[in-house]
Each structure stands twice: as structure tokens, then as C-alpha cells.
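Because the structure is a prediction, the values reported are computed rather than measured. Numbers here simply count residues along the sequence, with the first being 1.
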Amino acid sequence: MRVQRSTIERLDRPSAYFNRPGNKKRRYDNKDQRDADDEQRAEQKQDEEEERLKNATTLYVGNLSFYTTEEQIYELFSKCGEIKRLVMGLDRINKTPCGFCFVEYYTHQDALDCMKYIGGTKLDERIIRTDLDLGFEEGRQYGRGKSGGQVRDEYREDYDEGRGGLGRAIAAERERERERERQGRDHDDGRLR
């Protein structure tokens, strides 16, 4: 008897970003026992977090437009169940939306349904990502980038109108180049007179 295997990954499994190896803290010393203890603690912590994700009612929603409103998100996500709380991600400095949010449902099943039916759909002409989250804690609503927004937006090289145009680091570098050119022209104009 031949067993068929699905080629599609389950949507209600713990998210990939959560289990990647970079989440473990490493120490580079020659203490074998300390390394073994650290690894054991990291594995224990990962197991505990995976267990918490099995009952998670909160979703992280990413790749939102900076112009998407709470009302739009609420309208779309309430189709999968009653929303307990909606927390918009904000730029740490300007306190403006910066492309992500947390949606908390009353039940785990509603969160799974949302991942299944709404994850990967378009909202404001952007394909949104949904992931189970361990739960919102105060302070997580702010972007972690140097400029206050999300880190990925600082190093983006393409132009993305829905996410504020160019990446902030690239836009700042281009502005510095323009300023140097202006100063060079002003300096040249001064010598010619």
C-alpha cells in the first residue's frame, strides 16, 4: 500500500522564525559543561514556548502598509472570529504605524482559522503575513530599528510606496550625497566669483 504525503505545509504549526537556530544564544568558551547546560536550557525554553504556541490566541500580522488603518484590519480579521484586542505596531520615535500589528482572539481555533484563511491575502494592495505569537506584552508594539521603525525597512533597497518609499538607511545616504554635491557646487561658485 502506498502512502501519499502532502506537499503543502500545515498552516497551524509553530512559525518558522521561532525555531530557527539563530534564536539560541551561544557562548564561545571552552567550558563543555557550561555549553551543555546552556544548550539544555535553550532546548527547555524552546519546548516551553512551543507548548505555549499550541494554545496561542494572538497573531503577529506583518507586511502591512503604513497607511492601513485599525478599522481596515478589524474589519478583515473579525471575519474569522471575535477579536479581543488589536494593537498596531508603531514607530518608536514618531508614534506612526510602521507595518505590523498584533491581533488577539478569544480562542485558539479563531487564530488558526485566521492564519488559514487570511494569511497570504491582500490588504491595501499588500500580501500580509500572519504568524502565531506567544502573546502581546507592553513595549512590543514599537519597531526595533535604529530609526524607530522596523529593521527590515531600514535596509530595503527597492522603492515601496506602501512602506514609506526607499529604505531609511538608503534614503539617508542619498540625502547625504545630495548635500555633499550642494556644498561642492556652493564652494565652486564661491571661487569663480
Rounded to the nearest 0.5 angstrom, the CG-SG distance for L76 and C114 is 7.0 Å
Non-hydrogen atoms of L90 and P97 that approach each other most closely | CD2-N, 4.0 Å
For V103 and T58, run side-chain contact (heavy atoms from CB on, under 4.5 Å): C-alpha distance rounded to whole Å, both residues' side-chain angles, the deciding distance at 0.1 Å, then the answer.
-> CA-CA 6 Å; V103 178; T58 304; over 6 Å; no
Would you kindly say whether D91 and T96 are connected by a side-chain donor-acceptor distance under 3.5 Å?
-> no
Would E181 and R178 pass as an ion pair if we require N to O under 4.0 Å?
-> no
Contact check, side chains of T130 and Y60, non-hydrogen atoms, under 4.5 Å = no
So how far is it from Y105 OH to D110 CG, rounded to the nearest 0.5 Å?
-> 7.0 Å
Measure the spacing between CG of L112 and OG1 of T107 and express it to the nearest 0.5 Å.
-> 8.5 Å
Looking only at atom types and distance, does a side-chain atom of D124 sit under 3.5 Å from a main-chain N or O of R126, one as donor and one as acceptor?
-> no
Separation between OG1 (T121) and CD1 (I127), nearest 0.5 Å, reads 9.0 Å
If you look at every heavy atom in H108 and T57, which pair is closest and at what distance?
-> N-CG2, 3.6 Å
Given the rule in the side-chain contact (heavy atoms from CB on, under 4.5 Å) test, do T68 and I73 qualify, once you have shown the distances and angles that lead to the verdict?
-> CA-CA 7 Å; T68 301; I73 294 169; 3.7 Å; yes
Out of curiosity, Y142 OH to F100 CZ, how far, rounded to the nearest 0.5 Å?
-> 10.0 Å
Under the salt bridge (charged side-chain N to carboxylate O under 4.0 Å, His left out) rule, what pairs show up with a residue in residues 61-85, not counting sequence neighbours?
-> K84-E104, R85-E104
Looking only at non-hydrogen atoms, find the nearest pair between I118 and C80 and report the distance.
-> CD1-SG, 3.5 Å
Flag the pair V61 / F102 as yes when at least one side-chain heavy-atom distance between them is below 4.5 Å, and no otherwise.
-> no
First locate atom CG of L123, then atom CG of L64, and finally report the distance between them rounded to the nearest 0.5 Å.
-> 6.5 Å
Is Y106 reachable from L86 through a run of hydrophobic residues whose side-chain heavy atoms are each under 4.5 Å from the next?
-> no
Pair N63, R129: side-chain N/O donor-acceptor within cut-off below 3.5 Å = no
For E125, does the CD atom sit with more than 12 other heavy atoms under 6.0 Å from it, leaving out its own atoms?
-> no
